[in-house]
Amino acid sequence: MKITRIRIDTQASLRGLHVVNGSNIWASGSEGTVVHSGDGGKTWKLHRFPSQPPLEYRDIHGFSDGSAITLSAGSPALFYRKPSTEGDWKLVFSDRHPGVFFDAVDFWDHSNGIAFSDPLEGNLLILQTDDGGRSWKRNQKAPAALKQEAGFAASGTCITTRRGGKVWIGLGGKPLDGETGQARVIRSTDGGRSFQAAETTLTRSESAGVFSLAFANDRIGVAVGGDYRQPARAVDNCTLTRDGGKTWQKPKGSLPSGFRSCVAIGGEKNNIWLATGTNGTDISFDAGDSWKRVSDEGFHAIAFIPGTDQGWACGGTGKLARFSLLD
């Protein structure tokens, strides 16, 4: 795995990452920071959203027309939308409830998207848009959460979607007495009109659970996580589904070599899986059943250029890099 570091004019911790295509790359993070390249990484533009104190923009989603959506974690929750490459950012949603904490956002087509926050008043706070992020409405059918259950805004990938309104949300959080202590995945197959929950094989705690999910199709998926306070602990950090998230199983072979905050899928045949965390990066060619360490360099988030074995990764202190698996 060849990794090429890119110099950009920020020391922000970058956690949100979206590689729209080979030309269009977005990343977001701390200090109200967003960075964007429209020429495949040759040049980068820095955007900042000033506030006191500076907010964390933990996820971002870009589109092929140059528009993008980014959102802040914590309160106030602010969603900004850029209408085009040259257009100005516009505030399209805000929530100043002291308990709000948005973890991630994703879109299953150019119009329809979903974002979720840690629970408020016992239910997950889920917002949806059907106009490309210009407006957002609260989903009144959002599922109940277990007490102290929450998401992890570590890479913007604890929610993932597929066309037709397939949605998966990964959770963690400290279990209470009498609970199984297993991290859950919430799924919807109808665009958020209904939700179902399934326990995974990952343990949940204040610092452990499902941090990231990726799907090869509507059935085959991988979720990664572990305990971010124990980054080198190579156990209980990967779980698999072969039925669209109804059930989850442990891998049959070797696990990723530590806590993993992000899993991504790529390759010409959509058959290469990468999982990354602060202590390194691992690869799987069998949909997560076995993993091999390919780099000691770790990141917060990683994403492929669609249909290729190349992509981008980001991390702390302005860390941004391009990777290639065949070089």
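The structure presented is a predicted model; accordingly, all values stated were derived computationally and were not measured.
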Quiz item: Judged by atom type as modelled, is there a donor-acceptor pair below 3.5 Å linking the side chain of Asn237 to the main-chain atoms of Val224?
Solution: no
Exercise. Assess the side chains of Ser295 and Thr281: does a donor N or O sit below 3.5 Å from an acceptor N or O?
Key: no
Quiz prompt | Donor-acceptor side-chain pairing of Glu199 and Thr180 below 3.5 angstrom | solution = yes
Quiz item: Taking the side chain from Thr70 and the backbone from Asp59, do they hold a donor-acceptor pair closer than 3.5 Å?
Solution: yes
Exercise. Kindly give the heavy-atom pair with the smallest separation between Ala303 and Val19, and that separation in Å.
Key: CB-CG2, 3.8 Å
Quiz prompt | Heavy-atom pair of closest approach, residues Cys158 and Leu213 | solution = O-CD1, 3.3 Å
Exercise. Output yes when a side-chain donor or acceptor of Arg242 lies under 3.5 Å from a complementary backbone atom of Gln249, and no otherwise.
Key: no
Quiz prompt | Atom pair CZ/CZ of Phe102 and Phe93 - distance to nearest 0.5 Å | solution = 5.0 Å
Practice problem: Mind running side chain to side chain donor-acceptor pair (under 3.5 Å) on Asn112 and Arg163 for me, showing each step along the way? | Solution: CA-CA 9 Å; Asn112 291 282; Arg163 293 194 69 84; over 6 Å; no
Quiz prompt | Arg204 and Glu179 ion-paired at < 4.0 Å | solution = yes
Quiz item: With distance as the sole criterion, is a donor-acceptor pair present between the side chains of Asn24 and Trp26 under 3.5 Å?
Solution: yes
Quiz item: Quick one: does Ser155's side chain have a donor or acceptor within less than 3.5 Å of a partner on Arg15's backbone?
Solution: no
Quiz item: Less than 4.5 Å apart, any side-chain heavy atom of Asp289 and any of Ser284?
Solution: no
Exercise. Answer yes when Arg233 and Asp227 have at least one side-chain N-carboxylate O distance shorter than 4.0 Å, and no when they do not.
Key: no
Quiz item: Distance only, no hydrogens: is a donor on one side chain within 3.5 Å (strictly under) of an acceptor on the other, for Asp131 and Thr129?
Solution: yes
Practice problem: Could you label the plane-to-plane angle of the Phe107 and Phe63 rings as parallel, tilted or perpendicular, counting under 30° as parallel and over 60° as perpendicular? | Solution: perpendicular
Exercise. Quick one: sort the Phe49 and Tyr80 rings into parallel, tilted or perpendicular, breaks at 30° and 60°.
Key: parallel
Self-check item: Lys82 side chain vs Gly87 backbone, donor-acceptor pair below 3.5 Å
Solution: yes
Quiz prompt | side-chain contact (heavy atoms from CB on, under 4.5 Å) partner of Trp136, chosen from Ile114, Val105, Leu71 | solution = Val105
Practice problem: Spell out, as yes or no, whether a donor-acceptor pair under 3.5 Å connects the side chain of Ser254 to the backbone of Trp291. | Solution: yes
Practice problem: For Ser75 and Val100, indicate whether the former's side chain and the latter's backbone hold a donor-acceptor pair under 3.5 Å. | Solution: no
Quiz item: Side chains of Thr239 and Thr201: is there a donor and an acceptor less than 3.5 Å apart?
Solution: yes
Quiz item: Under the 3.5 angstrom rule, does the side chain of Asp95 hit a backbone N or O of Ala77 as a donor-acceptor pair?
Solution: no
Quiz prompt | Check against ring-ring contact (aromatic ring centres under 6.0 Å, His included), Trp248 and Trp168 | solution = CA-CA 13 Å; Trp248 295 83; Trp168 296 268; 8.7 Å; no
